[in-house]
Amino acid sequence: MNKKRIIVITAAAVILVVAVTFVFVFFFSKPKKIMPKETVRLSQLTEKTDGIRLIAHRGLSGVAPENTLPAFEEAGKAEFFGVECDVYMTKDGKWVIMHDSDTKRMCGKRLFISSNTSDRLSALEITNGANIEKYEGVKIPQVEEYLETCVKYSVVPVVEIKNSDCSLETIKTLYEAVYSVDGVKDVIFISFKRQAIESIRELDENAVCYLLVNEMKKDDVDYCKENGFGINFNANHKKLTDETLEYMAKSGIDTACWTVDSKETLNKMLGYGVYTFTTNRILPEE
């Protein structure tokens, strides 16, 4: 067997092993168990409690399974300022709550949101999340159910648009679904996708919108200032610099950050004039 043929066979074998491993991990591996987080009152972390707005990340996800009605209920009972959720559009044009584009991590079975109907998705049971053993029969919520819970507890809905298609036509269906629920008001729309918040603003010039960014850059701040958007940034990003934070603070735009669970991060961001925090575990004052 010549050297060239050996190389080709070896390369093919390596590719096959990698492919088989990928298929196994992607379809058959068991998702990592999501553990609860110990909660703490805001006043235990800072003396500067006045004016702080706490947003429950995917509901009170440190206590109940993320992005489920129990998590939204727990956040409402705790009297958060806002409750955040993530939305995707289903194959049949409904909007459902899920952080990932598929159901594997939360349900143990991989169904892609965009490729399945709302009925098929609603038949799945949530099998992972904080304190999942306390919650039986929990399903994937539709956006209307989430909003009804927000109205029930008078908390601000914070809707993160995760959908890949953020055209005006598609986002209009979300906007209409949101405001089809009686009593809904003061909704905050957030997204990493500029087109998403631009589409919302085209539909409603008074809509409150924030651009989500991971590594915040001056260009992001400039974009938000020019378009009247707020900025909602990753407060824990390794490349977040004091220079960028100062630039943001001086811009005059509305600011918020995520995911803030520690005393150090909370107080540092307060120092730059940020008062809106998305958190998994910090509770408002009683």
Side-chain angles (χ1 to χ4, degrees), residues 32 34-35 37-40 42 44-46 48 51-62 66-67 71 75 80-88 98-101 105 130 156 158-164 166 188-198 200 208-283:
K32 182 179 179 181
I34 300 171
M35 303 302 294
K37 293 180 171 62
E38 183 180 358
T39 58
V40 59
L42 178 61
Q44 294 177 255
L45 304 182
T46 183
K48 306 174 183 177
I52 289 180
R53 307 192 305 180
L54 293 177
I55 297 172
H57 187 220
R58 309 176 196 170
L60 191 47
S61 56
E66 66 177 59
N67 275 326
F80 275 80
F81 161 78
V83 178
E84 185 258 359
C85 76
D86 307 281
V87 298
Y88 284 94
M98 181 67 63
H99 176 269
D100 304 345
S101 61
R105 185 171 60 91
V156 172
V158 182
V159 179
E160 179 177 346
I161 304 170
K162 306 278 285 189
N163 212 57
S164 58
C166 294
I188 297 174
F189 294 95
I190 62 177
S191 185
F192 285 97
K193 300 176 175 65
R194 294 186 179 190
Q195 186 186 15
I197 56 176
E198 288 171 2
I200 288 289
V208 178
C209 300
Y210 283 73
L211 176 68
L212 285 169
V213 292
N214 201 357
E215 180 187 352
M216 182 169 61
K217 298 179 180 179
K218 291 181 179 179
D219 171 68
D220 298 315
V221 176
D222 292 340
Y223 167 80
C224 290
K225 186 172 183 177
E226 290 168 5
N227 291 278
F229 298 136
I231 196 163
N232 192 339
F233 62 94
N234 181 355
N236 303 298
H237 198 282
K238 293 179 179 179
K239 293 184 179 181
L240 181 62
T241 65
D242 291 339
E243 181 183 358
T244 303
L245 286 166
E246 289 171 2
Y247 187 81
M248 173 204 71
K250 292 177 181 178
S251 71
I253 63 175
D254 291 334
T255 58
C257 61
W258 52 277
T259 302
V260 178
D261 288 339
S262 72
K263 179 178 181 178
E264 294 74 20
T265 304
L266 176 70
N267 285 285
K268 179 178 180 179
M269 294 304 123
L270 284 170
Y272 286 100
V274 181
Y275 281 84
T276 302
F277 303 98
T278 300
T279 181
N280 295 310
R281 62 184 291 264
I282 304 174
L283 301 177

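For the single chain, residues carry numbers from 1 onward in sequence order. Computed over heavy atoms, backbone and side chain alike; hydrogens, waters and symmetry mates excluded.
Screening residues 211-236 for ring pair (Phe, Tyr, Trp, His ring centres under 6.0 Å) gives Y223-F229 as the qualifying pairs, with residues at least two apart or on separate chains.
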Please lay out, stage by stage, how R105 and E66 fare under the test side chain to side chain contact (heavy atoms under 4.5 Å, CB included). CA-CA 11 Å; R105 185 171 60 91; E66 66 177 59; 2.7 Å; yes
Quick one, H237 with N214, criterion side chain to side chain contact (heavy atoms under 4.5 Å, CB included). Give me CA distance, side-chain angles, the key distance, then yes/no. CA-CA 7 Å; H237 198 282; N214 201 357; 3.3 Å; yes
CA sep, side-chain torsions, deciding dist, call: F80, R53, side chain to side chain contact (heavy atoms under 4.5 Å, CB included): CA-CA 8 Å; F80 275 80; R53 307 192 305 180; over 6 Å; no
How far apart are the C-alpha atoms of I55 and F81, what are their side-chain angles, what is the distance that settles it, and do they pass the side chain to side chain contact (heavy atoms under 4.5 Å, CB included) test? CA-CA 6 Å; I55 297 172; F81 161 78; 4.1 Å; yes
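The residue from L270, T265, T259 that alone fulfils the side-chain contact (heavy atoms from CB on, under 4.5 Å) condition with F277 is L270. Here the options are T244, T255, D242, the test is side-chain hydrogen bond (donor to acceptor under 3.5 Å, both in side chains), and the partner is Y272; only D242 passes. Paired with I231 under the rule side-chain contact (heavy atoms from CB on, under 4.5 Å), one option of C224, C257, S251 passes, and it is C224. Screening T279, L283, I282 for a side-chain contact (heavy atoms from CB on, under 4.5 Å) involving V40 leaves a single residue, I282.
Using a 4.5 Å heavy-atom threshold, the side chains of L245 and M269 count as touching. In this structure the side chain of V87 never reaches within 4.5 angstrom of the side chain of N163, judged on heavy atoms. Here the side chains of I190 and V159 are not in contact, with every heavy-atom distance at 4.5 Å or above.
One distance of note links CG of L211 with CE of M216; it measures 10.5 Å at 0.5 Å rounding. Rounding to the nearest 0.5 Å gives a distance of 9.0 Å between CD1 of I253 and OH of Y210. In this structure, CD1 in I200 is found 13.0 Å from CD1 in I188, a value given to the nearest 0.5 Å.
There is no side-chain donor-acceptor pair under 3.5 Å between D100 and Y88. When only modelled atom types and interatomic distance are considered, N280 and H57 share a side-chain donor-acceptor pair under 3.5 Å. For the residue pair Y275/D254, the side-chain donor-acceptor check at 3.5 Å is not satisfied.
In terms of heavy atoms, H99 sits closest to N67 at N-ND2, 3.5 Å. Closest heavy-atom contact between T278 and W258: CB-CB, 3.9 Å. Across E215 and D220, no two heavy atoms sit closer than the pair O-OD2, 3.7 Å. Between G59 and V83, the closest heavy-atom pair is CA-CG1, 3.9 Å. What you find for I161 and S191 is that their closest heavy atoms are O-OG, 2.9 Å. Looking at every heavy atom in both residues, E84 comes nearest to R58 through OE1-N, 2.8 Å.
Salt-bridge annotation for K218 and E243: present, with a side-chain N of the basic residue lying under 4.0 Å from a carboxylate O of the acidic one.
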